[in-house]
Amino acid sequence: MSDTYWLGMELNYKEVRLCAYNSKDKEAVSVMMHSDTSRAQCPARIAHFTDCDSWKLYGDADVGFESSGTFVFDDILKHCLAGESYDFGGSFFEPYAVLARLIFLTLKSAGINEPSNQVKALVLTTPKITGKLALAAQKAFKDLGLGVGAARIQSFDESFYAHTYCQSAEIHSRNAGLFYFDTETHVYFKSLRPNYSTRPVTVTLSDVSDANLPRLCEERDLSFEAFIKECTEGAEFSSFFLVGNGFSRKWAVKSLQLLCRSRRKVFFGNNLFAKGACYSACRKIRPEIFKKTLFLGPDLVRINIGINLKVRGIMQYYPLITAGINWYEAEKEIELILGEEKSLIFSTSRLESGRRADYSMELANLPARPPMTTRLNVRLCFESPKKCLVTVKDMGFGEIFPSSGLIWKDSLT
Amino acid sequence: MGDYLLCERKNSDKPYFVSSVYLNIWSLEELCWFLSVNPALAAEIVFDPAFSAWLSDELLSDELIREFNAISSEDGHVRERLMWIFEKSYYFSNRDLRELRVRLETLDEMSPAGLKKQKGDTLLKYGKYKGSIECYRRALSAERAPNEEERFTACVWHNMGLSYEKMFLSGKALECFAKAYEICRKKEFLLSYLKAAYFDGGFEKLEIEAKRKKADAAEVAALTEEIDGITPKSAPCDMDAALRQWIRAYHLSVDQ
């Protein structure tokens with residue numbers, strides 16, 4: 001491997017996978033972890049040995065043999081999603097710190113010992129993202145010395161898109177379907193749908209369908225075949241991806257034949273999301289990858305929010321949030337001086353309809369001061385794709401007019 | 001549409017300290033507002049080497065620092081430096097800038113006595129009474145403009161009296177108000193004199209002086225009612241803390 005890396009890391013409820021970008025072959029490749037076993041994934045579990053203050057990735061073989069003074073951190077993703085600390089009889093560990101350790105140990109097992117120097121870009125991908133997970137990831141990246149812009153988080157949906165649209169055109173000329181086996185008998189289906197009538201080409205994600213399959217192989221095959229028919233009815237597909245340990249060619253005979261009809265490409269493997277994350281990490285060095293398409297995923301903010309104010313003496317529209325980015329990455333903080341008004345007026349426009357609206361936020365009980373002597377801190381962040389939180393703080397005007405300490409909060413939906 | 005100004009710069013890490021009024025300035029916006037309402041203090045600020053250092057270290061880009069240093073190295077008016085700061089800050093509208101320019105031109109044309117009085121008034125406003133008295137004394141002995149005779153001198157004495165009053169030196173205040181009224185028989189000066197008489201010697205002295213100065217009975221009655229109506233505020237809960245705060249504020253006002 002080279003000395004600096006563009007990486008994609010998948011963290012699901014059970015495992016961690018790592019992919020690195022091979023700039024020579026221009027593709028993402030799985031990274032083997034554990035030099036002795038040459039595995040491309042490891043359990044998402046770490047342990048802390050308090051007697052020698054050391055940490056390590058904790059394999060399945062180690063479980064059940066813990067000595068006293070060993071803290072085992074399991075369900076790391078769940079803890080991060082909920083923002084829930086680990087409590088070992090009074091010893092507390094914040095989820096972001098545990099996540100940072102997991103990332104560090106995973107990188108170390110792949111031979112990357114100095115993330116701050118060796119990692120050019122890292123994208124962490126997870127099945128879903130909550131505000132708490134996004135915050136934990138941000139803190140974890142900071143702990144690892146990965147600066148702003150060097151590391152980010154994205155959902156499996158976005159990784160699926162990134163992976164698919166980095167392949168040759170024949171893979172995504174029509175819809176691309178994903179069958180994800182999260183257990184042996186449960187499968188869910190999503191598809192990417194390109195809309196070639198827009199520029200750039202917009203790609204949307206279908207609704208999720210899922211099915212529980214019987215345990216018996218023959219019945220499972222027939223049931224999966226029926227599920228495939230149901231999911232693909234009325235749409236044309238150029239490719240399918242089969243992901244997850246629950247899938248096997250041993251039982252999926254008829255269903256595979258159905259998938260391969262009409263010269264459709266079928267791929268199976270478990271590193272789709274990690275690879276997709278890796279391609280996203282390479283965005284800066286390969287901007288052409290995503291230039292022609294725009295992913296309108298469910299995590300996207302679909303509203304532009306701005307404010308009309310003076311910048312260097314010129315009244316203009318100042319964008320605060322631009323639609324088209326993920327909600328967990330959408331935040332902005334500015335400071336402004338208030339004129340004669342005692343309220344803030346935000347201008348909004350919707351991404352798809354273009355509909356415009358103004359939203360007024362009253363600053364109740366703001367102390368009376370001469371115009372242009374109130375400095376406000378205005379911060380916008382999203383709680384979900386559709387809910388923007390606006391927080392405004394009165395900063396006063398230095399010692400001339402001290403801050404009242406007032407904070408106003410409101411939400412834009 | 002709202003009327004807001006984007007702050008492109010955060011507050012400085014270290015403030016600029018305006019020693020004459022004991023005030024820290026943390027941003028260019030605060031500086032602009034402060035100078036626009038207190039132009040009398042502009043000279044002591046814009047020619048202060050510490051001020052140039054603060055601008056350079058905390059607030060300005062390299063290009064602007066070079067420009068400011070070029071202006072500062074010329075023998076220029078306060079007005080030119082001030083207007084440069086106002087224009088580069090983008091804090092004021094074009095209309096405000098035009099009005100400021102006119103006000104600063106008026107300031108330039110002021111006599112040395114007028115400038116001293118202006119500064120004294122500013123210090124009085126900020127509670128720096130000892131400093132304001134010093135300025136008023138200098139104003140009385142400084143060169144005046146031809147149209148600044150009687151009324152101007154009376155105003156200086158009157159405002160000096162206000163400063164002494166704030167320092168609880170009612171005897172000195174009384175002397176100043178008396179001089180002001182002697183020079184210019186303005187009702188406002190007489191009422192200040194009578195109020196000072198009350199603080200110096202109670203209602204008895206107020207009545208005596210009112211008779212001596214042949215004050216209007218109705219006005220004296222109104223003044224008496226005003227004084228009567230000053231109800232004392234309830235005592236603070238933490239008297240020790242309040243006392244410490246008052247002593248500190250007093251020393252700040254008289255130690256400058």
Side-chain angles (χ1 to χ4, degrees), chain A residues 305-320 332-349 356-363 366 369-380 390 392-403 408 410, chain B residues 1-38 41 45 54 58-61 63-64 83 85-100 122 125-127 249 252:
Chain A
I305 305 173
I307 188 166
N308 290 299
L309 43 62
K310 274 191 195 154
V311 182
R312 301 196 165 204
I314 300 171
M315 182 61 82
Q316 59 189 253
Y317 172 79
Y318 185 82
L320 295 168
K332 182 80 175 180
E333 189 172 334
I334 63 166
E335 288 178 7
L336 55 83
I337 304 274
L338 206 60
E340 311 246 3
E341 300 269 349
K342 296 290 174 261
S343 62
L344 289 177
I345 300 172
F346 297 97
S347 299
T348 66
S349 65
R356 293 176 186 277
D358 281 350
Y359 158 73
S360 178
M361 186 172 173
E362 294 301 315
L363 305 173
L366 182 68
R369 300 179 185 128
M372 305 296 283
T373 59
T374 296
R375 194 175 180 115
L376 298 175
N377 177 287
V378 180
R379 186 170 181 271
L380 284 82
V390 184
V392 180
K393 289 184 198 172
D394 172 30
M395 299 173 72
F397 203 58
E399 293 178 10
I400 299 171
F401 298 108
S403 165
W408 300 268
D410 210 336
Chain B
M1 190 181 290
D3 179 19
Y4 323 117
L5 173 71
L6 180 70
C7 298
E8 291 189 271
R9 298 169 204 86
K10 290 260 174 194
N11 282 352
S12 56
D13 292 329
K14 293 172 197 163
Y16 172 69
F17 181 61
V18 185
S19 55
S20 56
V21 292
Y22 223 79
L23 181 77
N24 285 312
I25 301 280
W26 292 90
S27 69
L28 210 50
E29 291 84 11
E30 288 169 43
L31 176 73
C32 288
W33 185 85
F34 181 79
L35 288 174
S36 70
V37 300
N38 303 299
L41 298 183
I45 291 173
W54 176 72
E58 300 288 336
L59 295 179
L60 298 184
S61 65
E63 191 192 325
L64 286 176
M83 287 311 299
I85 292 168
F86 291 159
E87 281 160 12
K88 295 300 178 186
S89 71
Y90 299 104
Y91 178 72
F92 297 106
S93 65
N94 288 336
R95 191 178 72 176
D96 289 341
L97 283 173
R98 282 194 293 274
E99 286 174 11
L100 279 167
T122 303
K125 182 174 78 174
Y126 279 93
L252 279 175

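A, B, ... follow the sequence lines: proteins, then strands. Residue 1 opens every chain. Any value given below was found using the heavy atoms of this structure, including those in side chains, with hydrogens, waters and symmetry copies removed.
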Quick one: what part of [X] sits under 4.5 Å from any heavy atom of chain A, side chain, backbone, both or neither?
X: B:F92; result: neither
X: B:K10; result: both
X: B:N11; result: both

Note to self: Can you tell whether the side chains of A:R312 and B:E8 come within less than 4.0 Å, N to carboxylate O?
What the structure shows: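 Salt bridge: yes.
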
Next item on the list: Could you label the plane-to-plane angle of the A:F397 and B:W33 rings as parallel, tilted or perpendicular, counting under 30° as parallel and over 60° as perpendicular?
Entry: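 Correct class here is perpendicular.
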
Check: Checking A:I334 against chain B: side chain, backbone, both or neither under 4.5 Å from a heavy atom?
Finding: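 Answer is side chain: those atoms of A:I334 sit under 4.5 Å from chain B.
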
Checklist line | Region of A:L344 in contact with chain B, defined by heavy-atom distances below 4.5 Å | finding: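 Both the backbone and the side chain of A:L344 come within 4.5 Å of chain B.
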
Mind checking the [atom1]-[atom2] spacing from [X] to [Y]? Nearest 0.5 Å is all I need.
X: A:T373; Y: B:E29; atom1: OG1; atom2: CD; answer: 12.0 Å
X: B:Y91; Y: A:K310; atom1: OH; atom2: NZ; answer: 11.0 Å
X: A:E399; Y: B:I25; atom1: CD; atom2: CD1; answer: 8.0 Å
X: A:E335; Y: B:L5; atom1: CD; atom2: CG; answer: 12.0 Å
X: A:L336; Y: B:D3; atom1: CG; atom2: CG; answer: 10.5 Å

Next item on the list: Check whether any side-chain heavy atom of B:S27 sits under 4.5 Å from a side-chain heavy atom of A:R375, and report yes or no.
Entry: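 A side-chain contact exists here, since the closest heavy-atom pair is under 4.5 Å.
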
Note to self: Is there a side chain to side chain contact (heavy atoms under 4.5 Å, CB included) between A:I400 and B:L23? Walk through the geometry before answering.
What the structure shows: CA-CA 8 Å; A:I400 299 171; B:L23 181 77; 3.9 Å; yes

Next item on the list: Check the surroundings of atom NZ in B:K14: do more than 12 heavy atoms from other residues, nucleotides or ligands lie under 6.0 Å from it?
Entry: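 No - once you tally the heavy atoms of other residues, nucleotides and ligands closer than 6.0 Å, there are 12 at most.
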
Next item on the list: For B:Y4 and A:I345, indicate whether the former's side chain and the latter's backbone hold a donor-acceptor pair under 3.5 Å.
Entry: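 Side chain of B:Y4 to backbone of A:I345, a donor-acceptor pair under 3.5 Å: yes, one is there.
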
Check: With chain A, which of B:Y90, B:F34, B:W26 has the greatest number of heavy-atom pairs at distances under 4.5 Å?
Finding: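 Looking at each option in turn, the highest pair count goes to B:Y90.
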
